[in-house]
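Structure first, then comments.
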Amino acid sequence: TLPPYFGQDGIMDEQRIILPSGALTPNAKDNLQLKTFSVNTCGQTSAIDILIDTSGSMADDNKIGKLKTALRTFTSQLSGTSAIAIQTFSANTKDIIPWGLYKTNKKEVQKAINDLNPKGWTEMKSGFQLAKQKLFEAKSKNKFPGYNYYLLLISDGVPEIPPNRPRTCYFETDDPDTAPAKRCFAREQDPRVPTDLPSSIKNYGIPIYVIGLYSNTSSDVRLQAYLIPLLKEISSQPISTFYFEYNSGTAAENLKKVFEGIITSICTEPIGPAVP
């Protein structure tokens with residue numbers, strides 16, 4: 001082919017041929033029917049905001065280590081012209097990667113992933129407030145013309161605040177890390193109240209992907225019955241496309257497959273104008 005070649009300086013990206021289910025047949029002539037597939041450059045006009053839970057429980061079962069490995073693989077599959085931003089939430093919220101094109105901030109993104117450190121409780125509402133602010137600023141100012149925006153939430157725990165602050169608990173459970181106080185699903189950090197932050201993001205035309213990370217070795221087990229409905233309500237519909245689960249007691253490769261499902265979903269979206 002004539003230059004510029006795909007992959008040159010991280011700017012030109014590999015084109016992916018997306019075949020619909022059943023398109024591949026033993027008959028070579030059938031496979032040449034152009035109407036059966038589309039060509040897509042993965043994430044070329046995608047703006048992906050990643051909101052990561054870095055609370056202390058992310059250290060259980062080395063969830064944070066497995067997440068780092070999967071995130072490195074995920075981001076490496078993005079187009080050089082993909083836009084990316086990353087925020088984290090625990091006891092504090094941080095804007096660790098401001099909006100930028102992946103071809104220009106690749107080193108910063110990889111360093112930020114490597115530096116993820118689990119500590120503190122799960123202030124999910126605060127995380128959503130920061131993500132909403134950054135998403136709405138970028139989209140309202142048309143920072144990336146023609147781009148489709150997405151939010152990816154990664155969390156392993158229910159919304160929390162420390163026991164020395166006033167809190168209203170939907171549910172409490174014993175946990176050695178918080179003893180003698182109980183671990184509390186705190187209404188004060190529920191991103192749905194009093195303003196439903198996830199819904200306002202979705203209503204602004206920004207789909208939300210959710211990855212729930214679960215552990216079988218901590219109080220996460222007793223909180224799953226409360227966390228899973230929350231995460232499913234946060235995610236866009238249908239659940240089968242936008243909601244994913246990973247059991248941290250299984251192989252790290254399973255988490256990579258979860259991210260592969262998300263990147264495939266983004267890459268196979270119809271090529272066309274951005275969501276208004």
Side-chain angles (χ1 to χ4, degrees), residues 43 46-78 82 84-90 93 96-97 109 112-113 116-118 122-125 127-128 130-132 135 149-160 191-192 197-198 201-202 206-216 218 220-221 223-269:
S46 297
I48 305 172
D49 187 21
I50 306 176
L51 180 60
I52 306 171
D53 178 352
T54 55
S55 59
S57 58
M58 286 289 289
D60 298 340
D61 290 337
N62 192 30
K63 278 180 279 192
I64 196 69
K66 295 171 183 176
L67 176 59
K68 289 179 182 182
T69 299
L71 273 174
R72 284 191 290 265
T73 301
F74 173 76
T75 54
S76 70
Q77 296 180 62
L78 295 178
S82 295
I84 187 171
I86 302 177
Q87 299 93 40
T88 60
F89 63 95
S90 56
T93 57
I96 61 174
I97 295 293
V109 168
I113 292 171
L116 292 174
N117 181 40
T122 311
E123 295 205 355
M124 186 181 291
K125 180 178 178 178
F128 263 94
L130 179 59
K132 178 182 175 180
L135 282 162
Y149 286 80
Y150 306 89
L151 174 61
L152 169 57
L153 168 68
I154 306 164
S155 182
D156 79 326
V158 297
E160 298 174 286
R192 301 167 298 182
L197 297 171
I201 292 171
K202 289 181 284 188
I206 301 173
I208 301 178
Y209 289 90
V210 174
I211 300 177
L213 307 179
Y214 306 120
S215 171
N216 292 330
S218 70
D220 281 1
V221 175
L223 294 170
Q224 282 179 23
Y226 301 87
L227 176 60
I228 292 175
L230 168 64
L231 295 183
K232 286 185 175 180
E233 186 173 332
I234 288 173
S235 76
S236 292
Q237 302 294 319
I239 292 295
S240 58
T241 299
F242 292 96
Y243 174 76
F244 300 82
E245 295 181 2
Y246 169 68
N247 187 318
S248 60
T250 63
E253 288 299 317
N254 292 340
L255 184 54
K256 286 185 181 181
K257 291 178 181 177
V258 167
F259 278 97
E260 288 173 4
I262 294 173
I263 200 73
T264 298
S265 175
I266 291 173
C267 288
T268 55
E269 287 214 347

### Query
Do the side chains of L67 and D156 get nearer than 4.5 Å, heavy atoms only?
no

### Message
Are I96 and L116 packed together at the side-chain level, in the sense that at least one heavy-atom pair is separated by less than 4.5 angstrom?
### Response
yes

### Task
Quickly, which of T54, L255, L213 forms a side-chain contact (heavy atoms from CB on, under 4.5 Å) with I154? Name it, please.
L213

### Message
Once side-chain contact (heavy atoms from CB on, under 4.5 Å) is applied, do any residues pair with E245, and if so which ones, sequence neighbours excluded?
### Response
Y214, I228, K232, Y243

### Query
Counting distance only, does the side-chain N/O of T93 pair as donor-acceptor with the main-chain N or O of F89 below 3.5 Å?
no

### Task
Specify the closest pair of heavy atoms between S55 and P118, including all atoms of both residues, with the distance to one decimal.
O-CB, 3.3 Å

#### Entry: Any side-chain heavy-atom pair of F244 and L152 under 4.5 Å
no

### Task
Specify the closest pair of heavy atoms between T241 and S265, including all atoms of both residues, with the distance to one decimal.
CG2-OG, 3.6 Å

### Message
Rounded to the nearest 0.5 Å, what separates atom CG in L51 from atom CG in L130?
### Response
7.5 Å

### Query
Could E253 and K256 be called an ion pair, given the rule that one side-chain N must be under 4.0 Å from one carboxylate O?
yes

#### Entry: Donor-acceptor pair, side chain of T264 and main chain of G261, under 3.5 angstrom
no

### Message
Does any part of the side chain of I52, heavy atoms only, come nearer than 4.5 Å to the side chain of I50, both counted from C-beta?
### Response
yes

### Task
Find the distance between CG (N247) and CD (Q224) and round it off to the nearest 0.5 Å.
7.5 Å

### Query
Taking atom CE of M124 and atom CD1 of I234, what is their separation to the nearest 0.5 Å?
5.0 Å

### Query
Could you state the interatomic distance from CG (L151) to OG (S236), rounded to the nearest 0.5 Å?
8.5 Å

### Query
So do F259 and T69 actually touch side chain to side chain, heavy atoms under 4.5 Å?
no

### Query
Can you tell me how far the CD1 atom of I48 sits from the CD1 atom of I266, to the nearest 0.5 Å?
4.0 Å

#### Entry: Contacts of type side-chain contact (heavy atoms from CB on, under 4.5 Å), residue D60, not counting sequence neighbours
S57, K63, S215, S218

### Message
Run the side chain to side chain contact (heavy atoms under 4.5 Å, CB included) test on F128 and L153 for me, step by step, so that the C-alpha distance in whole Å, both residues' side-chain angles and the decisive distance to 0.1 Å come before the verdict.
### Response
CA-CA 9 Å; F128 263 94; L153 168 68; 3.9 Å; yes

### Task
Using a 4.5 Å cut-off on heavy atoms from C-beta on, say whether the side chain of Y149 contacts that of D49.
no

### Message
Is there a side-chain contact between I208 and F242 in this structure, where contact means two heavy atoms from C-beta onward sitting under 4.5 Å apart?
### Response
no

#### Entry: Test side chain to side chain contact (heavy atoms under 4.5 Å, CB included) applied to V258 and N254, step by step
CA-CA 6 Å; V258 167; N254 292 340; 6.0 Å; no

### Task
Search all heavy atoms of Q77 against all heavy atoms of E260 and return the closest pair with its distance.
NE2-CG, 4.4 Å

### Query
Closest heavy-atom contact between D61 and S248?
OD2-OG, 2.9 Å

### Query
Of all residues at least two apart in sequence or in a different chain, which pass the side chain to side chain donor-acceptor pair (under 3.5 Å) check with N62?
none

### Task
May I ask you to test the L78-I263 pair for a side-chain heavy-atom distance under 4.5 Å?
yes

### CG-OG distance between L227 and S155, expressed to the nearest 0.5 angstrom
6.0 Å

